[in-house]
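Structure first, then comments.
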Amino acid sequence: MKFEFVPVDYDYFDFEGRNYVKLVGRNEKGKKVCVVDSYEPNFYVILKKGAKPDKVVKKIEGIEVSKASRTSKVLKTEVVDKKFLGKDVKAIRVFVTNHKDLHDVASEIGDMKEIEVRREYDLQIISKYIKENGVDPLMWHSVEGDILGVDDFGGIADAFDVDICVGAKKIMKLKEEKEFKPKILAYDIETDDVELGKGEILMVSLYGEGIKKVLTWKKCDKVQDYVECFKDEGEMIEKFVEYVNEYDPDILTGYFSDGFDLPYLKAASQKNKVKLALGVDGKGPTFTRGRIPSGKINGIVHVDLFRFVDAVFSQYLQSETLSLNEVAGELVGESKEDFDFNKLPHMTDKDWYSFFSYNLQDAVVTFKLAEKLWPDMLEFSKIVKEPLFEVTRDRMSSHVENYLLHNLDRFDEISEKRPGHDEIGRRRAMGKYEGAFVFEPSPGLYDNLVMFDFTSMYASVIVSYNLSKATFDGKDFEKEPGFFPIMLGEIIEKRKTHKKEFAKNPSGMLRARSNAYKLLANAAYGYQGFFGARYYCREAAAATAKFAKDNILKAIDTIEKKGYKIIYGDTDSIAFLQGDKSKKDVLKFLKEINADLPGIMELDLEDFYGRGLFVSKRGNAGGAKKKYALVDSKGKIKIRGFETVRRDWCKLTRHLQSEVLSKILKDGNEKKALELLKKILEDLKRRKINLDDLMMRTQLRRPLNEYLAEGPHVVAARKMEAEGIPVSPGMVIEYFIGEGTGKRVGDRVYLPEEKAKYDMDYYLNNQILPAVENIFDVFDVSVKEIAEGEKQEKLF
DNA sequence: GCGGCGCTTATACC
DNA sequence: ACCGGTATAAGCGCCGC
């Protein structure tokens, strides 16, 4: 039979000692299809320059490796002309019966004087399959094959709960790009104890197209039509499984579900002795080990949206935490409902109804977030050619590496290996190299600023100067363009093209595509300096930073020589005074600068700004770097580095400072800002400030026992633990400073629920004054004196 | 008991 | 451990007096 097919989930299995890849996806009719394809595991033995392959081939062909469960042997060899790190090499491609034994066979070959290195025995089988067979994730293919019968592959067709199971004869990518819309199902659980296995699952919500349910066993009124009630936890879980199977999703998604919902469900199903048969194989989820366990379900892609957001988007989001509420609020404009978990021990009927509603809303929000992020997941998957499961969990370094890996064949390149433990140790011990240039500004309020910035500076430096592992000869970087800079150049080019297309014809797909290329370009520099990278090259990373620095310094010099006054600059941006020049003059000058820039490097106009404020460092006379505020021609204010944008300062401070900056930038003087400050000082002293505005929020970044210094947030976290609230790394700890006698700030730490008077002096001297002091200093206004004055007035 | 200072820690910028 | 270096600043904790 022949049909169209889009692979969504990739897996492999062994049959009679050989590897087969199992693809699960949809056909053109929307049916769930499993396609079994054969795969020939192989790796390369790269020969030394001038070495003859014959002797090596002979040794290799006789190799057999016996393990407890199977014997793996070399099936065939091919002598091939390839490239390795840009150099022509002769290599022997070694085909082995089982992928899992590649490493052992490679070791068995051992060191022969003819052999330079062995490579590609350390790649994932699925990655190699995609790379060699070209069956790319989420792309439409035409498949020719036979429906599998009960006798094929030990009867796997029967074991899989899919519409059709086919043994592939031929799989070809379709020429035209066709849309694929996955069936997404979102879920969320609520428990009475957040610690895994300790509590019970009170309810499970499901939300997708045509499904909207809360399953529970706690409260059986038929008040909300979407609530279904069951006899116990086990029965509820069984029904959850049934609904998932019935809905037959491509994607089952949760938020933090790798770390919470799915493992909790698994533990609860074991406790209740019910099957969590979510997979098409009728089996429960498995958890791959790693820093964070990943929950895998056979034939369905389990997507933990938190992982994807955390790994790929977090640095570009405004959200101060990656909670579902904040992230969904920012990305889909929808937020969660409120529920007070303190009510749990004594729930009224009404409390239960609002709890159900809350639980449902979480699944709804998760579903909407999944729909919103779908174009991004899809594009990342298509671009780096890795399955959805991996793509939604990989960090940017892996994305860069996968992009390289899946494009190596165009360059005839054999893949470099992953660094081993010792190599990683050596790389990490190397220490830092010199990085970016930051211009020290003179504190002051400036009118009419121009900001230039280099587009994708580090990436364009890598391309323009050909900086990479394969183009480094130990001393200099070669002229002949290497595959890394070439690919990066393509990435930058594609980003440009898709950005333009998007501007002309906006769509979620184009936005996501353009964005994915942008993120890849931005991560390429860090990748070469990352100790875990296959194509790690410290010299390339250091040279990138150095050439970037040379270029910004040269541009600054050019701009200065033209008669402009430089105000600020950081890494790839330069701010200077427009002076008496017209915007047209500035743009003409920009063109002149661009004409002299090397390679693909490009200086761009970032914007014109009406005013800009720069302050001094605390205690020191020098100008503070990475701290400034600008206002553009539309009156939009851009604040960088100030306490306003730091989540570890209380709201009162942040709001006040933001208002102060805004007034100063808009009015051009400090008068109104000063009035505002006085009002807040007054409110603070009259104890009129809301406690919520005084809450401090600091992230716990390691387990409590690993702290050498006990900062206020660590004290707060210990208090929480003492009260039975579990704390863990990553949590944002909330507390306020109240009155007390202790010497340390930490001695006066109170949790939000604790009853205490706020420490007026602390909030005055450690929050408000420090945040506005340097700003008013620019106008020679001493806020210390003003605060003192207020005190005097009050006394009299 | 207190001020100074180095160190630890969190968070931001690009 | 899961992309890099540069920078600000608070608060702890130890030292010397």
Side-chain angles (χ1 to χ4, degrees), chain A residues 290-292 307 310-312 315-316 320 393-401 418-419 421 424-425 427-428 430-440 453-454 456-459 462 519-533 535-538 540-542 544-546 548-549 552 568-574 606 615-620 622-628 638-649 696-702 706-715 732-733 737 742-749 762 765-767 770-771 774:
Chain A
R291 197 165 55 97
I292 311 158
R307 296 280 299 274
D310 183 34
V312 173
Q315 67 171 125
Y316 301 92
E320 283 170 15
R393 287 167 177 81
D394 283 346
R395 318 282 304 190
M396 280 313 295
S397 63
S398 298
H399 290 319
V400 171
E401 193 154 281
R418 193 183 294 138
H421 184 268
I424 286 181
R427 292 176 182 184
R428 297 190 65 185
M430 287 289 271
K432 288 186 172 185
Y433 53 84
E434 195 181 315
F437 166 77
V438 188
F439 186 96
E440 186 185 314
D453 66 2
F454 285 92
S456 307
M457 190 187 215
Y458 279 39
I462 292 170
L519 299 189
L520 283 174
N522 286 351
Y525 154 71
Y527 172 80
Q528 297 204 93
F530 169 48
F531 55 79
Y535 292 101
Y536 169 83
C537 182
R538 191 179 190 274
T544 307
K546 191 194 169 290
K549 192 169 182 171
I552 191 173
Y568 186 60
D570 184 348
T571 312
D572 60 356
S573 69
I574 306 167
E606 203 261 335
V615 299
S616 62
K617 279 190 284 193
R618 201 95 79 218
N620 181 307
K625 298 172 179 179
K626 299 186 185 286
K627 239 181 162 178
Y628 59 89
K638 180 164 152 176
I639 297 175
R640 292 289 120 98
F642 275 109
E643 284 73 10
T644 298
V645 298
R646 293 182 60 97
R647 69 157 178 215
D648 54 347
W649 285 71
M696 318 278 282
R697 289 174 191 85
T698 314
Q699 185 176 228
L700 204 65
R701 290 162 57 100
R702 57 183 80 160
E706 284 178 24
Y707 279 95
L708 299 170
E710 185 162 277
H713 75 299
V714 180
V715 175
V732 176
I733 307 294
I737 308 303
K743 188 174 125 118
R744 303 182 311 171
V745 172
D747 296 330
R748 285 169 283 143
V749 158
Y762 175 83
N765 297 316
N766 298 43
Q767 286 277 317
N774 296 336

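As the structure is a computational prediction, the values presented were derived from the model and not from experiment. Residue numbering restarts at 1 for every chain, and letters A, B, ... go by the order of the sequence lines.
- A close approach under 4.0 Å does not occur between any side-chain nitrogen or oxygen of A:Lys626 and OP1 or OP2 of C:dT6.
- The interatomic distance linking A:Glu643 (CD) with C:dG11 (P) rounds to 11 Å, in whole Å.
- If you check every strand for non-hydrogen atoms under 4.0 Å, A:Gly435 touches sugar and phosphate atoms only.
- For the helix from B:dG1-C:dC17 to B:dC14-C:dG4, the terminal axes (five pairs an end, C1' atoms, rotation from four pairs onto the next four) enclose an angle of 10°, given to 10 degrees.
- Spacing between atom CG of A:Asp572 and atom C1' of C:dT6 amounts to 13 Å, rounded to whole angstrom units.
- If you check every strand for non-hydrogen atoms under 4.0 Å, A:Gln315 touches a base.
- Taking the nucleotide of DNA chain C with the nearest heavy atom to each of A:Glu434 and A:Phe530, the more 5' of the two is matched to A:Phe530.
- Distances shown here put every side-chain N or O of A:Lys549 at or beyond 4.0 Å from the OP1 or OP2 atom of C:dG5.
- Picking from C:dG4, C:dG11, C:dA10 the nucleotide with the shortest atom distance to the side chain of A:Pro770 gives C:dA10.
- Between A:Val645 and A:Arg640, the shortest heavy-atom contact is CG2-C, 4.4 Å.
- With sequence neighbours excluded, the residues forming a salt bridge (charged side-chain N to carboxylate O under 4.0 Å, His left out) with A:Glu710 are A:Arg718, A:Arg744, listed by chain and number.
- For A:Asp648, the salt bridge (charged side-chain N to carboxylate O under 4.0 Å, His left out) criterion is met by A:Arg646, not counting sequence neighbours.
- Every residue meeting the side-chain contact (heavy atoms from CB on, under 4.5 Å) condition with A:Ile424, not counting sequence neighbours, appears here in chain and number order: A:Pro419, A:Arg428, A:Phe531.
- Note on A:Lys625: only backbone sugar-phosphate atoms sit closer than 4.0 angstrom, heavy atoms only; bases stay farther off.
- Computed from coordinates, the A:Asn774 CG to C:dT8 P distance equals 12 Å when rounded to whole Å.
- Atom CZ in A:Arg618 sits about 10 Å away from atom P in C:dG11, given to the nearest Å.
- Every side-chain contact (heavy atoms from CB on, under 4.5 Å) that A:Asp453 has, sequence neighbours left out, goes to A:Ser573, A:Asp604, A:Glu606.
- The distance from atom OH of A:Tyr433 to atom P of C:dC3 is 13 Å, rounded to the nearest whole Å.
- Under the rule for a side-chain contact (heavy atoms from CB on, under 4.5 Å), the partners of A:Tyr536 that lie at least two apart in sequence or sit in another chain are A:Arg427, A:Met430, A:Ala533, A:Arg538.
- Considering only residues two or more places apart in sequence or on other chains, A:Glu706 meets the salt bridge (charged side-chain N to carboxylate O under 4.0 Å, His left out) condition with none of them.
- Using a 4.5 Å cut-off on side-chain heavy atoms (C-beta onward), A:Asn774 and A:Lys617 make no contact.
- Across all strands shown, A:Ala523 has heavy atoms under 4.0 Å from base atoms, whether or not it also approaches the sugar-phosphate.
- The distance from atom CG of A:Asn522 to atom P of C:dG5 is 17 Å, rounded to the nearest whole Å.
- Closest to the A:Arg428 side chain, of the nucleotides C:dC3, C:dA9, C:dA1, is C:dA1.
- Residue contacts shown for A:Arg646 include a base, since a base heavy atom lies under 4.0 Å away.
- Across all strands shown, A:Phe454 has no heavy atoms under 4.0 Å from either base or sugar-phosphate atoms.
- Backbone-only contact: A:Tyr628 has heavy atoms under 4.0 Å from sugar-phosphate atoms and none from a base.
- Residue A:Arg702 is in sugar-phosphate contact alone, with no base atom involved, counting any heavy-atom pair closer than 4.0 Å across all strands shown.
- With sequence neighbours left out, the side-chain contact (heavy atoms from CB on, under 4.5 Å) criterion links A:Gln699 to A:Arg647, A:Arg701, A:Val732.
- A perpendicular orientation is assigned to the rings of A:His713 and A:Tyr707, their planes being inclined by more than 60° (bins at 30° and 60°).
- Interface remark: the A:Glu401 side chain does not form any donor-acceptor pair with the C:dC2 base, using a distance-only criterion of under 3.5 Å.
- Comparing B:dA10 with C:dA1, their P atoms sit 16 Å apart, to the nearest whole Å.
- Counting any heavy atom pair closer than 4.0 Å across all strands shown, A:Gln528 reaches no nucleic acid atom.
- Contact annotation for A:Tyr707: backbone-only contact, meaning every heavy-atom pair under 4.0 Å involves sugar-phosphate atoms and none involves a base.
- Residue contacts shown for A:Arg647 are limited to sugar-phosphate atoms, with no base heavy atom under 4.0 Å away.
- Among residues two or more places apart in sequence or in another chain, the salt bridge (charged side-chain N to carboxylate O under 4.0 Å, His left out) test is passed with A:Asp570 by A:Lys626.
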Run the side-chain donor-acceptor check on residues 520-528 of chain A: report pairs under 3.5 Å with partners two or more places apart or on a different chain.
| residue | atom | partner | partner atom | Å |
| --- | --- | --- | --- | --- |
| A:Asn522 | ND2 | A:Tyr316 | OH | 3.2 |
| A:Tyr525 | OH | A:Tyr433 | OH | 2.8 |
| A:Tyr527 | OH | A:Glu401 | OE1 | 2.3 |
| A:Tyr527 | OH | A:Arg534 | N | 3.3 |
| A:Tyr527 | OH | A:Tyr535 | N | 3.2 |
| A:Gln528 | NE2 | A:Leu467 | O | 3.0 |

Pick out the pairs of N or O atoms, protein on one side and nucleotides 14-17 of chain C on the other, that lie under 3.5 Å.
none

Test salt bridge (Lys or Arg N to Asp or Glu O under 4.0 Å) applied to A:Glu320 and A:Arg697, step by step = CA-CA 10 Å; A:Glu320 283 170 15; A:Arg697 289 174 191 85; over 6 Å; no
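- If you check every strand for non-hydrogen atoms under 4.0 Å, A:Gly532 touches nothing.
- Heavy-atom minimum distance, A:Thr544 versus A:Ala540: OG1-O, 2.5 Å.
- Across all strands shown, A:Asn766 has heavy atoms under 4.0 Å from sugar-phosphate atoms exclusively, and none from any base.
- Regarding A:Asp570, its CG atom lies at a distance of 8 Å from the P atom of C:dA7, rounded to whole Å.
- One atom, NE2 of A:His399, and another, C1' of C:dC3, lie 12 Å apart when rounded to the nearest Å.
- For DNA chain B, the contact window with chain A, defined by any atom under 4.0 Å from a protein heavy atom, covers B:dT8 to B:dC14 in 5' to 3' order.
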